[in-house]
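Notes follow the structure.
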Amino acid sequence: MRRLSGTPASAGVARGPWVRVEMVREPESRSVGADRIEAEHRRLADAAERAASELEELGRRVTAEGHPDEGAIFEAQAQMALDPALASLAEQAIDERHVDAVGAVLAAGRELAEQLRGLGDELLAARAADVGDVALRIARRAAGVPDPAPARLDEPSIVVAEDLPPSITATLPRDRLLGFALESGSATAHAAILARAYGIPAVVGVSGLLAALQPGEIALDGATGEVFVDPDAATEADLAVRVARSRDADAQARREASLPATTPDGVDVTLLANIGTPDEAPRAVELGARGVGLFRTEFLFLERPAEPGEDEQAAAYRRAVEAFAPYPVTIRLLDVGGDKPIPYLPIAPEANPFLGIRALRLAATQPGIFLTQLRAAMRAALAGPVKVMAPMVADAGDAGTLLALAAQARSELETRAEAFAEIDLGVMLEIPGAILVGDSYFPRLAFASLGTNDLLQYTLAVDRGNPGLARYQDSLHPALLRLVGEAVERAARAGIELSVCGEMAGDPVAAIALLGLGIRKLSMASGSLPGVRRAIRSVEERRAREAVGAALSDPSAAAVRARLSALLAPGAAG
Ligand code: PEP
Ligand code: MG
């Protein structure tokens, strides 16, 4: 047996035979003489056209089969195939280096992918895989080589591969797919996102995986990132326990999903889901989410050469709204900028992107993006209750910007005689100053939601992505708890609803702190719902309030965590 470790990408244990899915090979390229230049340009353009129409067709088919989000990946790839940046890099390679269309488009794909990886954003780096996938398809069309037959799974199996581009993932029969183990890839790659959306265990970035494979079975634990090749008897027994435990936990989570998140002394808490695509809705509903507290809309905008139009956005929002009705869906306006650049949005590089022109601050120069989102949200509201919130609001002026944009979007729809319904407007509280001056604008809003991930980074001046600052990155820091308390007080005074949608809400111990501080709505990744529900059902609000009151004077997050963990029944803190 060999035990390998990688990055946990989607929780759950899988065991079974493995099927290796080969990467599609690059066709051979060659040099050409000056007399072939024109012909190679034509060959390149024809191949790109053909690849784009195949990808469009694939997108339509996958959407018609009931997977519109995967369909959208191929539609985005179809646009990428015709991306002028890819074409001009490839043409340049033909002109200057005299390579044929095959070599030119492969080189152009590599260069563009490299640029995306160099932007320092995980999500955009993951999109580099799409660019490579598209360039390879064009190269194969130019070379005239046929596609390999789709991977076959004759029995329930674990798929192992170097990497899984979306064009291959889409061809895998989902009913026989037990899990994925990939030699490369990151937790934000498509295969990982899809695995999480469908609840299939996955581990990525397992170096040495392919070389270690042997005939027989493999097993993986998507929560720990472990992969076992040819597991021995002791490991098999351990895995059987893990499988049974995770099956029990799953069954228990489903049984408990309909139980109210009410404390033993009768205080009700509403549990909501954070989602990034409408595909995540069914699992969230199954686990008992009473609506969406944060729909991160960035996913709709990434991996494409141009922004999604109003109709496309309205359809995506509507799908989420339909899945959760009669409970509300909270759509967050686009949160991009210096730290999350998007190729088609002109945003200048900045020295301090986290303190720069990001999120709602883009409205000053590019209000159109937000107006389109607001119109699409108002149209989706015909299907059920919709709330829209703006990220990175600093003060009353920013709140006013949101209200003005919403008023303009509304009147644009009226002018067009387009049907729509009213939406609730709110802000994310991610900047300490925005909480401190909350009295000056809360009364004009319907709600606010604490984005504790950013709030912590701006409160303690700690980059949220810097692993060297782990000591500060616990949201139970007394400074953060005090700010939450301030927000609760000001929201109550203004009579508006207040929720928490940062990762803090999904941590059972932190959820007890939030309960004690007066928060009654928590929004989290679906997988966190069962643990938080159990925690709320096991701790009296009165005791949570007393404990957090004392915790405000604790010297560190670690001390707060120890104090609050003591309130939870053994095992409930994990
Ligand atoms: C937050 O900052 O807490 C939040 C929920 O937003 P994001 O993690 O998307 O920045
Ligand atoms: Mg944030």
Side-chain angles (χ1 to χ4, degrees), residues 120-124 126 187-188 193 196 271-277 280 284 289 291-302 320 329-342 352-362 370 373 387-394 398 402 426-435 447-466 469 472-477 479-481 483-484 487 498-507 510-511 513-514 517 519 521-529 532 557:
D121 180 83
E122 232 185 312
L123 279 172
L124 288 175
T188 52
I193 291 171
R196 283 196 292 277
L271 304 187
L272 307 158
N274 290 355
I275 61 171
T277 79
E280 294 172 54
V292 171
L294 168 63
F295 182 166
R296 290 184 167 100
T297 52
E298 292 76 46
F299 278 102
L300 276 171
F301 286 76
L302 296 170
V329 169
T330 311
I331 296 168
R332 170 175 75 185
L333 295 180
L334 193 62
D335 185 3
V336 297
D339 63 314
K340 289 186 216 163
I342 287 204
N352 293 301
F354 274 125
L355 306 178
I357 302 174
R358 53 174 293 207
L360 188 69
R361 295 170 181 187
L362 286 170
F370 300 111
Q373 280 202 289
K387 301 167 154 197
V388 168
M389 60 184 180
M392 288 292 289
V393 163
D398 288 343
L402 169 70
V427 296
M428 284 188 80
L429 298 174
E430 304 181 280
I431 301 176
I435 295 175
F447 70 99
S449 183
L450 284 151
T452 49
N453 307 337
D454 278 317
L455 187 59
L456 184 67
Q457 104 164 331
Y458 295 129
T459 301
L460 297 181
V462 278
D463 182 336
R464 61 193 265 186
N466 187 331
L469 296 169
Y472 304 94
Q473 282 155 346
D474 186 336
S475 52
L476 282 175
H477 196 286
L480 193 80
L481 298 183
L483 271 169
V484 172
L498 179 68
S499 57
V500 176
C501 65
E503 299 303 313
M504 183 180 191
D507 167 353
L514 294 169
L517 287 166
I519 296 285
K521 274 187 196 295
L522 299 170
S523 191
M524 64 203 77
S526 299
S528 302
L529 288 162
V532 170

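It should be emphasised that the depicted structure is a prediction, and the values quoted were computed from it without experimental measurement. The basis for the numbers below is simple: all heavy atoms, side chains too, and nothing from hydrogens, waters or symmetry mates. Atoms within a ligand are numbered from 1 in the order they appear, just like the ligands themselves.
Taking every non-hydrogen atom of Arg296 and a distance limit under 4.0 Å, the qualifying atoms of ligand 1 come out as 4 (C), 5 (C), 6 (O), 7 (P), 8 (O), 9 (O). Listed by atom number, the atoms of ligand 1 under 4.0 Å from Leu294 heavy atoms are 5 (C). Applying the 4.0 Å criterion to heavy atoms of Asp454 picks out, from ligand 1, the atoms 1 (C), 2 (O), 3 (O), 10 (O). The contact set between ligand 1 and Gly502, taken as ligand atoms under 4.0 Å from a residue heavy atom, comprises 3 (O), 5 (C).
The CG atom of Leu456 lies 12.0 Å from the CG atom of Leu450; values are rounded to the nearest 0.5 Å.
Side-chain atoms of Leu333 and Leu402, non-hydrogen and from C-beta on, do get closer than 4.5 Å to each other. Taking 4.5 Å as the limit, some side-chain heavy atom of Leu529 sits within range of a side-chain heavy atom of Met524. Annotation: side chain of Val336 is not in contact with side chain of Phe301 (no heavy-atom distance under 4.5 Å). When side chains are defined from C-beta on, Cys501 counts as touching Met428, because their heavy atoms get closer than 4.5 Å. Considering only heavy atoms from C-beta on, Glu298 comes within 4.5 Å of Arg332 through its side chain. Contact of the Ser499 side chain with the Ser523 side chain is not registered, since no non-hydrogen atoms from C-beta on lie closer than 4.5 Å. Counting heavy atoms from C-beta outward, Leu360 and Val427 have side chains that stay 4.5 Å or more apart.
Defined by atom type and a distance below 3.5 Å, a donor-acceptor pair is present between the side-chain atoms of Thr297 and Gln373.
At least one heavy atom of Met428 sits less than 4.0 Å from an atom of ligand 1. Taking 4.0 Å as the cut-off, Met504 does not count as a neighbour of ligand 1 on heavy-atom distance.
Of all the heavy atoms of Asn453, the ones lying under 4.0 Å from any atom of ligand 1 are found in both the backbone and the side chain.
Among protein atoms, those of element N, O or S found less than 2.8 Å away from the Mg ion (ligand 2) are Glu430 OE2, Asp454 OD2.
Note: an N/O pair closer than 3.5 Å links Gly451 and ligand 1 by distance alone.
With Lys387 as reference, Thr330 is the one residue of Ile331, Thr330, Val329 to meet the side chain to side chain contact (heavy atoms under 4.5 Å, CB included) rule.
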